[in-house]
Amino acid sequence: MDSTSQEEIELIQAHTHIWKYAFEYASSMSLKCVVELGIPDILHSHGKPMTLSTLADALSLPSGRVDPLNRLMRFMVHSGFFATQSLGENQEQQGYILTATSRLLVKVNSNTMASVVLFMVDPFLVSSLHTLSTWFQGSESTPFAAAHGTKVWNVLEQNPEFGKKFHDAMANDSCVLMSVILNEGKGVFNNLKSLVDVGGGTGTTAHAVVGAFPHLDCMVLDLPNVVADLQGTANVVFIGGDMFESIPRADAVLMKFILHDWSDKDCVRILKRCREAIPSREQGGKVIIIDAVIEEDKKKKQEAEDDSIITETQLLFDIMMMAFVDGKERTEKEWEKLFIDSGFTDYKITRVQGFRSFIEVYP
Ligand SMILES: C[S@@+](CC[C@H](N)C(=O)[O-])C[C@H]1O[C@@H](n2cnc3c(N)ncnc32)[C@H](O)[C@@H]1O
């Protein structure tokens with residue numbers, strides 16, 4: 001038999017690559033399916049390896065769905081969401097167990113990403129991605145606006161169910177992220193007495209920060225409809241307002257996952273409001289941004305597998321920000337230009353675990 005040429009190997013690799021990407025949405029939908037069925041919750045409460053038939057019983061599945069469940073779980077095990085382990089002394093029989101990833105999908109855990117999955121694969125949101133190519137040739141601000149004739153922010157305000165899903169997802173993200181990066185970025189909050197979390201949503205980030213720095217007084221500024229029914233605590237106060245109009249005065253402004261939602265022009269407007277709200281650098285004034293910094297210089301990057309997942313996640317986020325909100329993920333150069341254009345003099349980036357960094361910006 002003739003040996004396969006290099007050209008043929010490359011051709012078949014490219015062919016497989018295309019199949020994988022054309023089907024990639026099945027990964028998202030399988031993830032959505034296991035969260036909706038509550039499989040991580042069932043494995044969590046079972047507390048030991050769970051066989052296929054016990055899992056099917058717990059899900060009350062008809063017998064015809066046991067083999068499809070087996071195939072769904074095989075894919076999710078392959079993708080690292082679950083693992084298998086032999087059942088006690090019976091080495092032959094395998095049961096499913098949680099992994100670090102699916103432990104983050106258990107809804108009763110305080111650290112959970114279940115709402116993130118359910119919001120990001122919401123059909124209303126996903127459907128706007130089908131207009132990506134027509135949007136490129138049109139004049140709408142975003143593919144979301146091209147598909148639905150309005151901006152995401154309007155839908156979040158007008159559709160309380162969609163709004164709740166979004167704010168639950170943001171709260172999930174903040175809870176998990178802050179539990180890790182606050183420790184790494186301790187120095188960022190040292191010496192501050194007051195902080196305003198701009199676009200702070202339902203306050204999860206603010207509560208995490210004051211939990212770690214109890215001497216700190218924190219205001220959470222968000223749109224009036226978002227904070228209307230929220231109860232503050234002794235050192236977390238909710239304020240309804242518009243960050244484009246004015247920001248309450250504090251030693252520092254915190255913005256987590258905010259500037260990546262907006263165009264450069266809008267970011268400069270927001271950053272100018274931030275600058276008005278804080279004292280001079282000598283008096284401790286600064287803006288603290290938690291967002292991605294895209295690492296373009298491959299030489300600076302470690303060749304670790306982790307690093308490619310981080311970059312891919314950042315680049316996917318960038319497409320999502322383009323599709324939904326006219327925002328973008330930025331390189332260090334792009335961040336620097338924003339800071340100069342809005343009148344700041346200096347900045348410092350602290351890279352922490354995950355795909356986002358702390359950026360301290362000084363007047
Ligand atoms: C992507 S979410 C981030 C929420 C939160 N910082 C977090 O990371 O969990 C963006 C937030 O900005 C808020 N927002 C949008 N426009 C705003 C405005 N003009 N003034 C104040 N907040 C605004 C939204 O209501 C939402 O809570």
Side-chain angles (χ1 to χ4, degrees), residues 110-113 115-116 119-120 122 125 141-142 144 150-160 162-182 185 195-211 218-230 236-248 250 252-263 265-274 276-277 287-292 317-318 320-330 352 354-359:
S110 56
N111 265 357
T112 179
M113 292 283 283
S115 297
V116 171
F119 179 73
M120 292 317 303
D122 186 285
L125 207 56
S141 58
T142 58
F144 185 94
T150 184
K151 292 187 176 184
V152 165
W153 305 114
N154 297 335
V155 183
L156 290 170
E157 191 186 340
Q158 287 153 13
N159 179 338
F162 190 67
K164 183 177 178 334
K165 271 177 118 174
F166 171 73
H167 289 293
D168 285 352
M170 292 302 104
N172 273 189
D173 175 70
S174 290
C175 191
V176 177
L177 183 74
M178 299 312 278
S179 71
V180 176
I181 68 167
L182 265 185
L195 184 72
V196 54
D197 184 7
V198 169
T202 52
T204 306
T205 303
H207 284 295
V209 173
V210 300
C218 190
M219 292 167 275
V220 177
L221 175 78
D222 209 296
L223 295 168
N225 70 296
V226 175
V227 298
D229 299 326
L230 299 174
V236 174
V237 177
F238 288 97
I239 298 172
D242 181 348
M243 64 191 170
F244 287 98
E245 299 290 325
S246 104
I247 292 174
V253 170
L254 173 66
M255 286 189 287
K256 172 188 166 279
F257 244 23
I258 299 299
L259 295 180
H260 81 154
D261 290 337
W262 301 96
S263 66
K265 203 165 138 231
D266 285 332
C267 284
V268 170
R269 286 174 62 204
I270 298 167
L271 282 164
K272 283 185 173 167
R273 298 290 86 78
C274 292
E276 290 160 7
V287 176
I288 303 165
I289 296 167
I290 303 175
D291 247 325
F317 254 99
D318 187 46
M320 295 304 196
M321 293 306 107
M322 180 167 79
F324 301 145
V325 284
D326 193 21
K328 65 192 287 197
E329 302 300 338
R330 295 177 168 89
V352 285
F355 63 94
R356 283 163 285 189
S357 295
F358 280 111
I359 314 173

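Every number for a ligand or one of its atoms is a count from 1 in the order of the listing. Just so we're clear, the structure is a prediction, and the values are computed from it rather than from any experiment.
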What part of [X], side chain from CB on, backbone N/CA/C/O, both or neither, has a heavy atom under 4.0 Å from ligand 1?
X      : result
Asp242 : both
His167 : side chain
Asp197 : neither
Val198 : neither

N/O of [X] under 3.5 Å from N/O of ligand 1, yes or no?
X      : answer
Ser174 : yes
Gly199 : yes
Asp261 : no
Leu221 : no
Asp222 : yes
Asp173 : no

* Asked: Mind checking whether Asp326 and Lys151 have side chains closer than 4.5 Å, heavy atoms only?
  -> no

* With side chains defined as the heavy atoms from C-beta onward, is the minimum distance between Val227 and Ile239 less than 4.5 Å? -> no

Check whether any heavy atom of [X] sits under 4.0 Å from an atom of ligand 1.
X      : value
Trp262 : yes
Glu245 : no
Ala171 : no

* Structure fact -> Looking at Met178, Met243, Lys256, Glu157, the heavy atom closest to atom 7 (C) of ligand 1 belongs to Lys256

* Nearest option to atom 23 (C) of ligand 1, as decided by whichever heavy atom of Leu223, Val152, Ile258 sits closest -> Leu223

* Taking the six-membered ring for Trp and the single ring otherwise, decide whether the centroids of Phe324 and Trp153 are under 6.0 Å apart. => no

* Structure fact -> Rounded to the nearest 0.5 Å, the SG atom of Cys267 sits from the CD1 atom of Ile289 at a distance of 8.0 Å

* Side chains of Lys165 and Ser115: is there a donor and an acceptor less than 3.5 Å apart? -> no

* Determine yes or no for a side-chain-to-main-chain donor-acceptor pair under 3.5 angstrom, with Ser179 supplying the side chain and Val176 the backbone. => yes

* Identify the closest protein heavy atom to atom 2 (S) of ligand 1: which residue and atom is it, and at what distance? -> Phe166 CZ, 3.6 Å

* **Within 45° cone and under 6.0 Å: Arg356 NZ/CZ vs Phe257 ring** => yes

